[in-house]
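These notes concern the structure reproduced below.
Since the model is a prediction, treat every value here as computed from it, not as a measurement.
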Amino acid sequence: MALGRALAMYQGGAVERRDDATVLEAIRNQGLPLQAAAEMVALAATERAAHAGIAEAEGSPLVDPAFDRTGVAVVNGPHGVLVVGIYGR
């Protein structure tokens, strides 16, 4: 799911984070019965910089122990490294 999202953003030319309700709906449409979900998106020159951007963001689900499901995609493209993390519980 994260890979599909990352590829769609790069191909569509827009990098943006979806709100939590939209992410949860997309996950449930895939048949996964989660109670909550979040998405983090980073576009940076390197994988390390993208990870740091996600980890250091205020309210990042990456560092929230309540989220116990994770899907991550890393895509290299013409504008840098795009990382999409989808988190759930």
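Residues Y10 and M40 fall into different hydrophobic clusters, defined by Ile, Leu, Val, Met, Phe, Trp and Tyr side chains chained together at heavy-atom separations under 4.5 Å. Transitive grouping of hydrophobic side chains (ILVMFWY, heavy atoms separated by less than 4.5 Å) brings I27 and L7 into a common cluster.
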Extract all donor-acceptor atom pairs below 3.5 Å that involve side chains of residues 29-37 and protein atoms in other chains or at least two apart in sequence.
| unit_1 | atom_1 | unit_2 | atom_2 | d |
| --- | --- | --- | --- | --- |
| N29 | ND2 | E25 | O | 3.3 |

If you look only at distance, which donor and acceptor atoms sit under 3.5 Å apart when one is on a side chain in residues 61-84 and the other is two or more places apart or in another chain?
| unit_1 | atom_1 | unit_2 | atom_2 | d |
| --- | --- | --- | --- | --- |
| D64 | OD1 | A66 | N | 2.9 |

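Although no hydrogens or angles enter the test, the distance criterion places no donor-acceptor pair under 3.5 Å between the side chain of E39 and the main chain of I86.
Atom CZ of residue R17 and atom OG1 of residue T22 lie 9.5 Å apart, to the nearest 0.5 angstrom.
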